[in-house]
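Shown next, in structure tokens, is the structure this report addresses.
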Amino acid sequence: MPIRIEEARTPKGQRMMRANVSGFVTLADAQSMGNLLQPGQPFHGGLVLTINDKSTEYHPDARRHFPTFRGSYQRHAAVVTGVLVRAAINFMVRVTGGDDSMKIFSTEAEAIDWLDS
């Protein structure tokens with residue numbers, strides 16, 4: 001499974017969704033993650049941390065679906081080390097008119113600090 005979801009805590013004890021992403025992400029994978037952010041679901045309105053492996057690729061339908069999560073979380077920090085993955089995510093954010101509730105980071109420590117602030 002390209003998106004592995006687990007519950008985690010920030011250093012300050014805030015609950016967050018941690019999504020480890022690798023491989024080829026399909027629309028169904030994106031929808032499955034998004035379902036956990038919907039009202040009444042475990043991670044709605046919370047913090048989201050995604051750790052994107054360098055091997056990650058997104059199907060175009062999945063890329064179009066991720067922006068629909070906006071408004072379903074408080075903050076979303078994406079850790080991206082691969083150049084191609086970073087370009088794809090930056091493109092998704094730009095095309096959909098991203099806001100300050102989602103940021104891209106090079107390290108997990110930076111991402112968690114921002115989520116915890």
Side-chain angles (χ1 to χ4, degrees):
M1 181 159 215
I3 304 176
R4 294 176 318 283
I5 305 289
E6 60 187 46
E7 181 177 331
R9 297 256 173 209
T10 69
K12 291 183 180 176
Q14 296 186 79
R15 184 173 177 266
M16 70 177 167
M17 170 197 276
R18 179 187 171 101
N20 295 298
V21 186
S22 64
F24 188 76
V25 178
T26 65
L27 175 59
D29 298 321
Q31 290 171 328
S32 180
M33 180 179 170
N35 289 341
L36 296 172
L37 294 166
Q38 294 305 308
Q41 295 305 308
F43 298 106
H44 177 72
L47 302 175
V48 178
L49 172 66
T50 55
I51 309 294
N52 296 273
D53 185 81
K54 291 178 185 178
S55 70
T56 305
E57 294 182 56
Y58 294 94
H59 185 278
D61 291 337
R63 284 195 302 265
R64 285 188 285 276
H65 186 69
F66 279 110
T68 68
F69 298 177
R70 193 174 297 129
S72 299
Y73 53 79
Q74 181 183 354
R75 286 184 172 188
H76 177 185
V79 178
V80 185
T81 56
V83 175
L84 294 177
V85 178
R86 183 178 284 269
I89 292 173
N90 275 328
F91 179 74
M92 283 187 266
V93 171
R94 266 190 250 121
V95 166
T96 61
D99 59 23
D100 61 357
S101 67
M102 196 272 186
K103 283 184 81 172
I104 298 172
F105 297 89
S106 297
T107 70
E108 186 173 342
E110 292 172 322
I112 290 174
D113 283 347
W114 179 74
L115 288 173
D116 229 3
S117 63

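Under the rule for a salt bridge (charged side-chain N to carboxylate O under 4.0 Å, His left out), R75 has no partner lying at least two apart in sequence or in another chain. Considering only residues two or more places apart in sequence or on other chains, K54 meets the side-chain contact (heavy atoms from CB on, under 4.5 Å) condition with T81. By the side chain to side chain donor-acceptor pair (under 3.5 Å) test, R15 pairs with E7, sequence neighbours left out.
Formation of a donor-acceptor pair under 3.5 Å by the H59 side chain with backbone atoms of V25 is not found in this model.
Nearest approach of H76 to T50, heavy atoms of both residues: NE2-OG1, 3.1 Å.
With respect to the salt-bridge test (charged N to carboxylate O, under 4.0 angstrom), the residues R18 and E108 qualify.
Between W114 and F105, the ring-plane angle classifies as tilted under the 30° and 60° cut-offs.
With D61 as reference, R64 is the one residue of H65, R63, R64 to meet the side-chain hydrogen bond (donor to acceptor under 3.5 Å, both in side chains) rule.
T26 and D29 form a side-chain donor-acceptor contact under 3.5 Å, judged by distance and modelled atom types alone. No side-chain donor from either of D53 and S22 sits under 3.5 Å from a side-chain acceptor of the other.
A 4.5 Å side-chain heavy-atom check between V21 and M33 finds every atom pair outside the cut-off. Contact check for Q74 versus S101: no side-chain heavy atoms found under the 4.5 Å cut-off. A heavy-atom distance below 4.5 Å is not found between the side chains of F69 and V48.
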